[in-house]
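Here is the structure we will look at.
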Amino acid sequence: MRTNQPQTIYLKDYRVPVFLVDHVDLRFELFEDGARVHSVLSMRRNPDSDSSDTSVELNSDTLTKLESLSLDGKELGIDAYEDSVDRLVIHDVPDHFELGVVTWLEPQNNTRLEGLYQSSGMFCTQCEAEGFRCITYFPDRPDVMARFRTRIEADKASFPILLSNGNDVEKGDLDGGRHFVTWEDPFPKPSYLFALVAGDLVEKRDSFRTLSGRDIDLRMYVEPRNSDKCDHAMDSLKRAMRWDEEVYGREYDLDIFMIVAVDDFNMGAMENKGLNIFNSSCVLASQETATDMAFQRIESIVAHEYFHNWSGNRVTCRDWFQLSLKEGFTVFRDSQFSADMGSPTVKRIEDATMLRTAQFAEDSGPMAHPVRPESYMEITNFYTLTIYEKGCEVVGMIHTLLGPDMFRKGSDLYFERHDGQAVTTDDFVRAMEDASGRDLSQFRLWYEQAGTPELTVKDEYDQAAGIYRLRIDQRIPDTPGQTNKKPQHIPFAIGLLGADGESLPLKLSATDADEPTDRVLELTEASHTFEFHGVSECPVPSLLRNFSAPVRVYYPWTREQLMFLMSHDPDGFNRWDAGQRLAVDVISGLVGEAGSEAVDSGLTEAYRGLLTDTSLDQALVAKMLQLPSEAYLIELADKPNVPDIHRAREKVLGHLATALRDDLLACYKRNSVEGRYEVTPQAVARRSLRNTALAWLLHTDDEEGRALAESQFAKADNMTDRMGALRALVNSGYEQECKQMLDAFYEQWKADPQVVEQWFAVQAGSSRTGGLSRIRELMSHPAFDWKNPNKIRSVIGVFAGQNLPAFHAEDGSGYRFLEEQVRRLDDSNPQIAARLVSPLTRWRKYAPVHGEQMKKALEAIRDKSGLSRDVYEVVHKSLAGQ
Ligand code: BES
Ligand code: ZN
């Protein structure tokens, strides 16, 4: 059992480990009713530690049953050590010794999916962040790096494939139909990168020749029924390997690289050295079963985990406060990769949308924390949007400030200087400084201060002098535990447009010889005024181009200016952003009492322009036609009433769909070209445009639209079009037709878990069909499984995160429902339970009718007996007074 008051861990308490582990020798005996793990650790006193303590500390967990403990071959009696719930201390150890540990585990009963567990009959592990201690007693911290040798023994017929990190060095048969394989990883690594897999899997092989001419064996292991869904991941892997060589000069270092797909997985994927383990939904794909979005997501996740081999594994984190060192940097690397593989503008739009919708919300709520936190209770709660997405933006700003060449010099220096080490975000910044000669001391505040900076921009034009002035004030809001923040160093990219849409030269003084039309202004003070000289007419400013910093910008745009920027800004991101701002302005103008007013015809005409002008970049148009999401509108609103926001957005959508009906039909038909299915940016844009047009048409219960949707559903040769049609129908008023199609869809795909997850999600997320009674029906459906995180996410997670009018129903039923599910899940899988709580945590933000009921739900969760540390932390922090 867990203790009642979980402990807080502080960065300031960091001490180097007193003992190091040079080598780990593991032997796993896998049986039907459990697993025995024999471990021998070669340990020695750390010369860098000034502690004179003669006892050694190991981490453990309630899942780990100790069978025996020996020091230099001698069994230790119970008075030689202290064993508490999660820690074991051995007294009076010498400076060098071998520690033998034998533990007994029950992977078949491990529902937490941390450490060693079973998923569809196979054995697999998840050790990040603190799962290795669920396998054996060990100093389970990332600054203890050891070489691992792992022998796995299991029944040969049931588990023909036995995998671990590194190279297979020995294999053979044992008595009783059993066999073994021994793996050796030559690279020292922290325990969180250890992995083991045993199962009856098919092997897909490929190879990759590195730039230096080494041949790498690439292998994917999947259940036999998935053997036709590996090609996309394998191709993505080869593209990622090539890209990392070309852009970062990083080659793969082992002879084998393996990817395994498992159905039950708490996260998306894990970068274990040489043996990446993936959630099936993040790696398996075929044209028939996966949407375009899934294809793109798989490419970026495969790349992300592969890139960790350098940013995370070769150079790892000193402690978990430095998590963004590997995650923020690796997300930056995978974003650059995705941008290079597809449309950079579209990728930037997707990243900024996620950041502004979800990370900004996190950063202004009770869980707000810096990119490098100062404290935590449960580390798995800190795999947040701030660590990942804001962390990525922070690295991106360094890239912007240094430029690509200096940035590359900095990353080369970082990898060279710290290869084989466990380091800090500060070491990363220092390498960037040393390589470029730039001073990033003020920039470091991005790692230390939480909260989203707010920039207020005012301008004035002096016609007589030809001077245009921009005044920019920055302010960083208070966050839990942090007030009175210092101004940060912010790269602010801008341009100025003349009335004819031409870019004006940006001269920062009368004598400025430089006349670029794009500039990155560097903000370092609370207030700056920039003067642009030789400006011949009053310009329209294009601010924060390409979203050059993760900040909020306030400027009094008129609707005319926004429409102008939408069609003229040479910066694609800002063209999109102007459209979003215009739509937000129109929709928020119709919330609540203003609900009966007319929709601005300017918006309709702007969208008509997008729909009809085929000379525009269609990938950008596809994005521009997406109205701002409900979640984003809520994030922007003060004390939002969600059902009101939903109604206003629906009204605008309905108006646009009616007014633009003929253009939508034409757009639909124009983009319905036959041909081979491809996942190129052009083809993806075409399917996206066509499915958006269809969804809008069905919004007005259009008969022709319905017929198109039914025929698209019947004829589709790929999941994007099939799902596009199904989603449009489910979100429309055609209940009978849609019921039949949902049934037919399920019958056709019930054997494929990844497709069934999409089938759950499309229903749970629909405000038309996904009422609470439907959600409960889905949860009693035979395909729903409480032990499978993907099923929980696709029903409960999607309901609370996407079906916002139902989740925020006036009677509080959505909140009570979530409370009930979190309390139930807390016992079996606390990590997933803690993540599910998140939609309730921002209760203070909402209109009081909602906020009070959300708070009650949180209190009911808080009062559950035996609450996990994971859920405890989230609930207590969000209820804490402010
Ligand atoms: N290292 C993480 C996986 C992880 C996260 C393990 C949390 C333990 C706890 C991995 O590299 C990762 O970041 N995975 C992401 C996907 C990625 C593309 C951002 C995930 O699992 O969601
Ligand atoms: Zn990662």
Side-chain angles (χ1 to χ4, degrees), residues 112-115 117 124-134 140-142 189-195 233 236-237 240 244 259-262 264-283 293-317 320 322-339 341 347 350-351 354-355 358-359 371 373 376 378-393 395 789-790 793 797 801 829-832 834-835 838 870:
R112 279 163 50 189
L113 314 186
E114 292 176 83
Y117 64 94
C124 62
T125 55
Q126 171 54 38
C127 291
E128 189 178 0
E130 298 180 334
F132 194 71
R133 63 187 65 180
C134 305
D140 191 13
R141 42 188 286 173
K189 64 168 175 289
S191 48
Y192 83 85
L193 290 172
F194 169 81
S236 302
L237 173 63
D244 211 15
I259 287 180
V260 180
V262 304
D264 305 289
F265 203 70
N266 281 345
M267 304 297 294
M270 177 64 209
E271 71 266 26
N272 318 297
K273 183 79 188 189
L275 177 55
N276 289 2
I277 300 184
F278 279 68
N279 187 321
S280 296
S281 72
C282 294
V283 67
M293 239 168 69
F295 269 88
Q296 288 173 335
R297 191 169 144 71
I298 288 166
E299 180 181 67
S300 81
I301 300 189
V302 167
H304 176 98
E305 305 310 337
Y306 173 73
F307 295 155
H308 269 314
N309 191 54
W310 276 96
S311 50
N313 302 2
R314 288 289 286 260
V315 181
T316 196
C317 300
W320 293 119
Q322 319 298 329
L323 181 57
S324 198
L325 174 78
K326 75 176 177 81
E327 295 303 346
F329 185 25
T330 304
V331 173
F332 176 70
R333 277 151 55 68
D334 82 54
S335 298
Q336 284 183 300
F337 168 74
S338 298
M341 296 299 120
K347 174 65 180 156
E350 288 167 354
D351 289 351
M354 149 85 98
L355 198 86
Q359 196 278 327
V371 170
Y376 62 77
E378 171 52 59
I379 185 57
T380 47
N381 286 332
F382 278 77
Y383 286 74
T384 60
L385 292 156
T386 299
I387 302 293
Y388 275 72
E389 281 14 271
K390 188 175 180 179
C392 158
E393 294 298 321
V395 175
N790 291 3
R793 280 188 278 259
N829 191 331
Q831 281 188 20
I832 299 294
R835 283 181 179 264
S838 146
D870 312 59

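Everything numeric here is computed off the predicted structure, so don't read it as measured data. All values below were derived from every heavy atom in this structure, side-chain atoms included, with hydrogens, water molecules and symmetry-related copies excluded. All ligand and atom numbering here is 1-based and tracks the order in the structure.
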Within reach of ligand 1, part of Glu128 (heavy-atom separation under 4.0 Å): both

Proximal atoms of ligand 1 relative to Gln126 (non-hydrogen, under 4.0 Å): 6 (C), 8 (C)

Donor-acceptor under 3.5 Å (Thr316 side chain, Asn313 main chain): no

Glu327 backbone or side-chain N/O/S under 2.8 Å from the Zn ion (ligand 2): yes

Contact atoms of ligand 1, heavy-atom distance to Met270 under 4.0 Å: 1 (N), 3 (C), 6 (C)

Option set Met267, Glu389, His304, criterion heavy-atom distance to atom 17 (C) of ligand 1, minimum: His304

Parallel, tilted or perpendicular, as decided by the 30° and 60° cut-offs, for the rings of Tyr388 and Tyr383: tilted

His308 neighbourhood, listing ligand 1 atoms whose heavy-atom distance to it stays under 4.0 Å: 11 (O)

Matching residue for Val331 among Lys390, Glu393, Glu389, Gln336 - test: side-chain contact (heavy atoms from CB on, under 4.5 Å): Glu389

Side chain to side chain, Val371 and Thr386, heavy atoms closer than 4.5 Å: yes

Glu128 side chain near Met267 side chain, heavy-atom distance below 4.5 Å: no

Asp334 side-chain N/O to Ala303 backbone N/O, donor-acceptor pair under 3.5 Å: no

Polar proximity ligand 1 side, Ala269 side, N/O cut 3.5 Å exclusive: yes

Verdict with reasoning, His304 to Glu327, per side chain to side chain contact (heavy atoms under 4.5 Å, CB included): CA-CA 9 Å; His304 176 98; Glu327 295 303 346; 3.1 Å; yes

Heavy-atom check, side chain of Trp320 versus side chain of Tyr376, under 4.5 Å: yes

Under 3.5 Å: N/O of Ser300 near N/O of ligand 1: no

Heavy atom of Arg297, distance to ligand 1 below 4.0 Å: no

Glu271, portion touching ligand 1 at heavy-atom distance under 4.0 Å: side chain

Contact check: Gly268 vs ligand 1, nitrogen or oxygen atoms, below 3.5 angstrom: yes

Subset of ligand 1 atoms that lie under 4.0 Å from at least one heavy atom of Lys326: 1 (N)

Whether Phe337 and Phe307 hold their rings parallel, tilted or perpendicular, with breakpoints at 30° and 60°: perpendicular

Protein contact to atom 16 (C) of ligand 1 [nearest heavy atom, distance to 0.1 Å]: Glu305 OE2, 3.9 Å

Within-4.5 Å side-chain heavy-atom neighbours: Val395 and Cys392: no

N, O or S atom within His304 nearest to the Zn ion (ligand 2), by name: NE2

Which N, O or S atom of His308 lies nearest to the Zn ion (ligand 2), by name: NE2

Closest protein heavy atom to atom 7 (C) of ligand 1, given as residue, atom name and distance to 0.1 Å: Tyr383 CD2, 3.0 Å

Thr380 heavy atom under 4.0 Å from ligand 1: no

Tyr388: numbered ligand 1 atoms lying under 4.0 Å from its heavy atoms: 2 (C), 5 (C), 12 (C), 13 (O), 19 (C)

Modelled atom types, side-chain donor and acceptor of Gln831 and Asn266, under 3.5 Å: yes

Donor-acceptor pair, side chain of Ser191 and main chain of Asp140, under 3.5 angstrom: no

Any Gln831 heavy atom less than 4.0 Å from ligand 1: no

